[in-house]
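All of these numbers come straight from a predicted model, not from anything done at the bench. Values below: every heavy atom of this structure, side chains too, minus hydrogens, waters and symmetry copies. In what follows, chains carry the letters A, B, and so on, assigned in the order in which the sequence lines appear, proteins first and then strands, with residues in each chain numbered from 1.
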Amino acid sequence: MLDIKLLREKPDFVRERLATRHAGDEAKVSAVLALDESRRAALAEVEQLKATRNAVSREIGMLMGQKKLAEAEAKKAETRAIGDRITELDRLVTEAETGRDTLLATIPNLPHASVAVGRDAADNPEIRVHGTAPVFASKPLTHIELCDKLKLVDFARGTKLSGSGFLLYTGWGARLERALINFLLELHTTEHGYREVAPPYIVGEHCMFGVGQFPKFKDQAYAVQEGMDGSTLGKLYLLPTAEAPVANIHREELLPAQQLPIQYVAYSPCFRAEAGAAGLGTRGMIRVHQFDKVELIKIVTPETGYDELEKLVLNAEKVLQLLGLHYRVINLCTGDMGFASAKTYDIEVWAPGQGAYLEVSSCSNCEDYQSRRMHLRYKTETGENRFPHILNGSGTALARLFVALIETHQQPDGSILIPEALQPFLRADRIPV
RNA sequence: GGAGGGGUGGCAGAGUGGUCUAAUGCGGCGGUCUUGAAAACCGCUGUGGGUGAAAGCUCACCGGGGGUUCGAAUCCCUCCCCCUCCGCCA
């Protein structure tokens, strides 16, 4: 949520920044300000009436105490009329305020000044590249072929159980998935200083709103209800990302400044309905309805937000370096950024079987956009209450990491070499044919 | 699912229709005293909105929402959450 004061004071600046997203949201600014204006007009009037009423009521109380009942009755008659006007004006204030905030909640965050202005993914500048694409004597197998050959994933039966977009990991595949999760959690907790949390996999609607998933992406979430009780539908949702519960851990709290920075790491499965998305009817692990992910969350002071973002990206990159994977880091341009983000780096890993880079991490600084939505504040040393910056980054998404890993480290005989860093977790140096 | 109890400031805890502008205590901040500290004493101590250059003025907030009333922490309705016991259950 943007600061309404920023819209009042610098409406043209806000419009200009929003326009760089090419989503048309700048058109909403005037409507928000109009509602804000009518709210304040009604508020000024109703507050004056309430001040009068409070004063008279106090007098009535004193008269009653002095047993001057007739005078008290006269005063009552005098104020009775303004009660109706107050009710009416209160209604107008609430109406304007609700309208203003509902619309304001649909406006995305402003891109940071350092973000490249562009229209779509084609305009994303590349920041750096690590390693080079591995060279194969013959055409490398795709992860689908490898999974079939080594029986790592049973695509057909996964679909039989839950429909397309759901995976049944089997044997070495299931063990590799588990090993990767443990490897990632160990890395970020022991090497990078994150505190591990294990969140609920179902969250309340308010948490989805807090991180900016709702209201815009409601159609991409799986809604759950209790049994056949339809009245509970719309209150709880399966996580699209662990960001939803973890970033909200301190929602509605007032944190002492000494407690910052806060760094959390969490594993969770992620559920994405991707309603209407293309390419979900086919086999493969690149685009699925359920995948595992290890997520990194930071809550920091605004002064350190962008330094922390750089560190966050490096923490995620470390994963790919340790696994011997070729990747690149790109900076999402204004037109390609997520709703709540002010600046985002994507990490894309090379998948030889695909001959393409796959997005395995997205690291964003959402500044105070989310903390304002969830009423999370911190108290500075000078006693001022401020909204902290909230950052999130995948560290990393698993299904695609799995793909890149087996495609990169496949051997001519079809077996897969396990990078040294992962061996203790899988307790093997190779997945045999 | 059934029965009962509860939700008040940073914390503890009073208040059941009218100077509540929420007692009192603890904690915290400042001051007096002291070589220094402690003790004692004095003062201050929440959040959000509106207005204003500021000082200030003002409104709202006692779990959320609605109602009764001139006036609600207090009465009524409704929802949420927590605790205790019973039932069911991995």
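Under the Watson-Crick or G-U wobble criterion, with both distances below 3.5 Å, B/C85 is paired with B/G2. B/G10 and B/C26 make up a base pair, with Watson-Crick or G-U wobble contacts both under 3.5 Å. In this structure, B/G56 and B/U51 make a Watson-Crick or G-U wobble pair, each of the two defining distances being under 3.5 angstrom. Nucleotide B/C41 forms a Watson-Crick or G-U wobble pair with B/G31, both donor-acceptor distances falling under 3.5 Å. Across the strands present, B/C70 finds its partner in B/G18; the criterion is a Watson-Crick or G-U wobble pair with both atom distances under 3.5 angstrom.
Within 4.0 Å of A/Arg58, counting heavy atoms only, lies no atom of the nucleic acid at all. Counting any heavy atom pair closer than 4.0 Å across all strands shown, A/Ser57 reaches a base atom. Contact annotation for A/Leu43: backbone-only contact, meaning every heavy-atom pair under 4.0 Å involves sugar-phosphate atoms and none involves a base. Backbone-only contact: A/Lys379 has heavy atoms under 4.0 Å from sugar-phosphate atoms and none from a base. Residue contacts shown for A/Ala51 are limited to sugar-phosphate atoms, with no base heavy atom under 4.0 Å away. At the heavy-atom level, A/Lys50 lies under 4.0 Å from the strands shown only through sugar-phosphate atoms.
Annotation: side chain of A/Glu295 is not in contact with side chain of A/Tyr267 (no heavy-atom distance under 4.5 Å).
Checking the phosphate oxygens (OP1, OP2) of B/G49, no side-chain nitrogen or oxygen of A/Arg40 falls inside 4.0 Å. Residue A/Asn385 has no polar side-chain atom (N or O) positioned under 4.0 Å from OP1 or OP2 of B/G46. Taking side-chain N and O atoms only, A/Asn54 has no distance below 4.0 Å to OP1 or OP2 of B/G71. Look at A/Arg8 and you'll find a side-chain N or O under 4.0 angstrom from OP1 or OP2 of B/G50.
Spacing between B/C20 and B/U24 at atom P, rounded to whole Å, works out to 11 Å. Spacing of C1' atoms, B/A72 relative to B/G15, comes out at 13 Å, to the nearest Å. Across B/U51 and B/A55, the matching C1' atoms stand 13 Å from one another, rounded to whole Å. If you take atom C1' in B/G63 and the same atom in B/C82, they sit 10 Å apart, rounded to whole Å. Between B/C26 and B/U32, the two C1' atoms lie 22 Å apart (nearest whole Å). Taking the C1' atom of each, B/C29 and B/G46 are spaced 14 Å apart, rounded to whole Å. As rounded to the nearest Å, B/G31 and B/G13 have C1' atoms that lie 28 Å from one another. The same atom, C1', is picked in B/G87 and in B/U74; the two are 37 Å apart, to the nearest Å.
With hydrogens and angles left out, the side-chain atoms of A/Ser30 and A/Arg15 include a donor and acceptor closer than 3.5 Å. Between the side chains of A/Tyr222 and A/Gln290, no donor-acceptor pair of N or O atoms lies under 3.5 Å. A donor-acceptor pair shorter than 3.5 Å can be found between the side chains of A/Thr241 and A/Lys293. At a cut-off of 3.5 Å, with distance as the only test, no side-chain donor of A/Tyr378 or A/Asn385 sits close to an acceptor on the other residue.
Where A/Ala55 and A/Leu254 meet RNA chain B, the nucleotide closest to each residue was compared, and A/Leu254 sits on the side nearer the 5' end. Residue order along RNA chain B, read from the 5' end via each residue's closest nucleotide, puts A/Gly61 first among A/Gly61 and A/Thr79.
If you take CD of A/Glu252 and P of B/C61, they are 19 Å apart, rounded to a whole angstrom. For the pair A/Ile86 CD1 and B/A72 P, the interatomic distance rounds to 10 Å; values are reported in whole Å. Rounded to whole Å, atom P of B/G52 lies 12 Å from atom CD of A/Glu9. The nearest whole Å value for the distance from the CD atom in A/Glu47 to the C1' atom in B/G52 is 14 Å. B/G10 atom P lies 13 Å from atom CD of A/Glu253, rounded to whole Å. Rounded to an integer number of Å, the gap from CG of A/Leu89 to P of B/C59 is 15 Å. Atom CG of A/Leu236 is separated from atom P of B/C80 by 12 Å (rounded to the nearest Å). The distance from atom CG of A/Asp3 to atom C1' of B/G49 is 13 Å, rounded to the nearest whole Å.
In this structure, the nucleotide among B/C59, B/G50, B/G18 sitting nearest to the side chain of A/Ile60 is B/G18. Set against B/C59, B/U47, B/G50, the side chain of A/Lys5 has B/G50 as its closest nucleotide.
Using cut-offs of 30° and 60° on the angle between ring planes, the pair A/His250 and A/Tyr264 is parallel.
Atom CD of A/Glu196 sits in a crowded spot, with more than 12 heavy atoms from other residues, nucleotides or ligands closer than 6.0 Å.
Aromatic rings of A/Phe402 and A/Tyr169 (six-membered ring for Trp) have centroids within the 6.0 Å cut-off, being under it.
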